[in-house]
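All values below were derived from every heavy atom in this structure, side-chain atoms included, with hydrogens, water molecules and symmetry-related copies excluded. On a predicted model such as this, the values are computed, not experimentally measured, just so you know. Residue numbers start from 1 in every chain, and the chains themselves are labelled A, B, ... in the order their sequence lines are given, proteins ahead of strands.
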There are 2 protein chains.
Amino acid sequence: MAQNTTRKAQQQDFITLMNELARAHHRFSLFDAEIHRLSGSGLTAPQAKVIFCLGNTDGLTCSEITDQTLITKGTLTGVIDRLEGKGLVERWGDADDGRIIIVALTRAGDRLFQREYPRYVEKLRTQVEGLSDREQATSYLGQIADLF
Amino acid sequence: MAQNTTRKAQQQDFITLMNELARAHHRFSLFDAEIHRLSGSGLTAPQAKVIFCLGNTDGLTCSEITDQTLITKGTLTGVIDRLEGKGLVERWGDADDGRIIIVALTRAGDRLFQREYPRYVEKLRTQVEGLSDREQATSYLGQIADLF
DNA sequence: TATTGTTATACTCTATAACTATA
DNA sequence: TATAGTTATAGAGTATAACAATA
């Protein structure tokens, strides 16, 4: 009976934990989207992800971008189309392997990256400032990242 | 010089932490959506959120659902429309305050909730099973949830 | 005037699957 | 046959703002 109560309490703890995770996740989405919206960069969150991962590189293939951003390949084509339409990235074929497309920042894209990336990091930092133990956070988040 | 190096290292730590958070967030989205897709319930993740928060209640107002799910009111109308179209929820006006709409599970919605909610929790639990220290997780996630 | 919820618009992202071109 | 990326389809969620009804 007492054991049953304990199990129920543990189940409730777990559900509470998952609700917190889901809400944290959702708030992160909203916060992330809001940062980009308020920045006036004209980027959506997925577009910014792509720009940020292309920054300080000589270009990446679509597969590499997919690996880093977790954006599905079908979706990625559309995101890159829009960034290309804004003149922020350009595409060219790989010389060795005809199947591969290299995506890279244009000069305008690089200027945007140089301006927006530090701002983005700074806004996140401000939000996280209250964090008590950075090392614990790092190691724990690594675990969470591995779970999903 | 050494101080500068340290600061740079700290900045890099922070960026790594944020990248992990962003990836954890994205993976959670994908995992969450996949659970519902594979369950055959026909629910999207936001729809499931609404069904789950209505479970074991006598109905909630749209504002209350918004508070719990963080789904914007404009979006919520559409989500509820789709759930109503499936016969899973119903709406009625509040007797006291004519502005308020009460949303509640239908019998079919409640059956879905009773069946899917435990499954959902169980799948999350399986995923989280590797977690080393539940208490640490709970307290840390609480912090993250408060940050965003 | 403020609040609750709906409607309208326009867009982005999403999954899925078929498809092209190349390896 | 397998891989890289595009295209096509259909739908869902999103922000935003204007709106109606009620308090």
A.B. asks: Taking distance alone, no hydrogens or angles, what donor-acceptor pairs closer than 3.5 Å link side-chain atoms of residues 33-40 of chain B to residues at least two apart or in another chain?
C.D. replies:
unit_1, atom_1, unit_2, atom_2, d
B:Ser39, OG, B:His36, O, 2.8
B:Ser39, OG, B:Ser41, N, 3.1
B:Ser39, OG, B:Ser41, OG, 3.0

A.B. asks: Excluding sequence neighbours, so at least two apart, what forms side-chain contact (heavy atoms from CB on, under 4.5 Å) with A:Leu30?
C.D. replies: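 Scan of A:Leu30 (side-chain contact (heavy atoms from CB on, under 4.5 Å), adjacent residues dropped) gives A:His26, B:Leu70.
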A.B. asks: Taking side-chain contact (heavy atoms from CB on, under 4.5 Å) as the test, write out the residues that go with A:Thr72, two or more places apart.
C.D. replies: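 Partners of A:Thr72 by the side-chain contact (heavy atoms from CB on, under 4.5 Å) criterion, ordered by chain and then number, come out as A:Thr75.
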A.B. asks: Without decimals, in angstroms, what is the distance between A:Asp96 CG and D:dA4 C1'?
C.D. replies: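 Atom CG in A:Asp96 sits about 15 Å away from atom C1' in D:dA4.
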A.B. asks: For chain A and DNA chain C, what are the first and last nucleotides along the strand, 5' to 3', with at least one atom under 4.0 angstrom from a heavy atom of the protein chain?
C.D. replies: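 Listing 5' to 3', DNA chain C meets chain A from C:dT12 to C:dA23.
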A.B. asks: When you check every protein heavy atom under 4.0 Å of nucleotides 10-21 of chain D, what one-letter string (B, S, -) results, 5' to 3'?
C.D. replies: --SSBSS-----
A.B. asks: Kindly write out the residues that satisfy side chain to side chain donor-acceptor pair (under 3.5 Å) with A:Asp97, not counting sequence neighbours, or none if the list is empty.
C.D. replies: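 Residues passing side chain to side chain donor-acceptor pair (under 3.5 Å) with A:Asp97: A:Arg99.
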A.B. asks: Testing the 3.5 Å rule here: is there a donor-acceptor pair between the side chains of B:Lys86 and B:Gln47?
C.D. replies: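 Yes, a side-chain donor-acceptor pair sits under 3.5 Å.
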A.B. asks: Of all residues at least two apart in sequence or in a different chain, which pass the side-chain contact (heavy atoms from CB on, under 4.5 Å) check with B:Asn56?
C.D. replies: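 For B:Asn56, the residues satisfying side-chain contact (heavy atoms from CB on, under 4.5 Å) (neighbours in sequence not counted) are B:Phe113, B:Gln114.
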A.B. asks: Rounded to the Å, how far apart are A:Trp92 CH2 and D:dG5 C1'?
C.D. replies: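 Rounding to the nearest Å, CH2 of A:Trp92 and C1' of D:dG5 are 16 Å apart.
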A.B. asks: In whole angstrom, what separates A:Arg91's CZ from D:dG5's C1'?
C.D. replies: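 A:Arg91 atom CZ is separated from D:dG5 atom C1' by 9 Å.
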A.B. asks: Just to verify, what does A:Asn19 make a side-chain contact (heavy atoms from CB on, under 4.5 Å) with, not counting sequence neighbours?
C.D. replies: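 By the side-chain contact (heavy atoms from CB on, under 4.5 Å) rule, A:Asn19 matches A:Ile15.
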A.B. asks: Give one of base, sugar-phosphate or nothing for A:Thr77, where a contact means two heavy atoms less than 4.0 Å apart.
C.D. replies: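 Base, at least one base atom sits under 4.0 Å.
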A.B. asks: Can you list every pair that meets salt bridge (charged side-chain N to carboxylate O under 4.0 Å, His left out) and has a residue in residues 101-117 of chain A, with sequence neighbours left out?
C.D. replies: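 Qualifying pairs: A:Glu116-A:Arg119.
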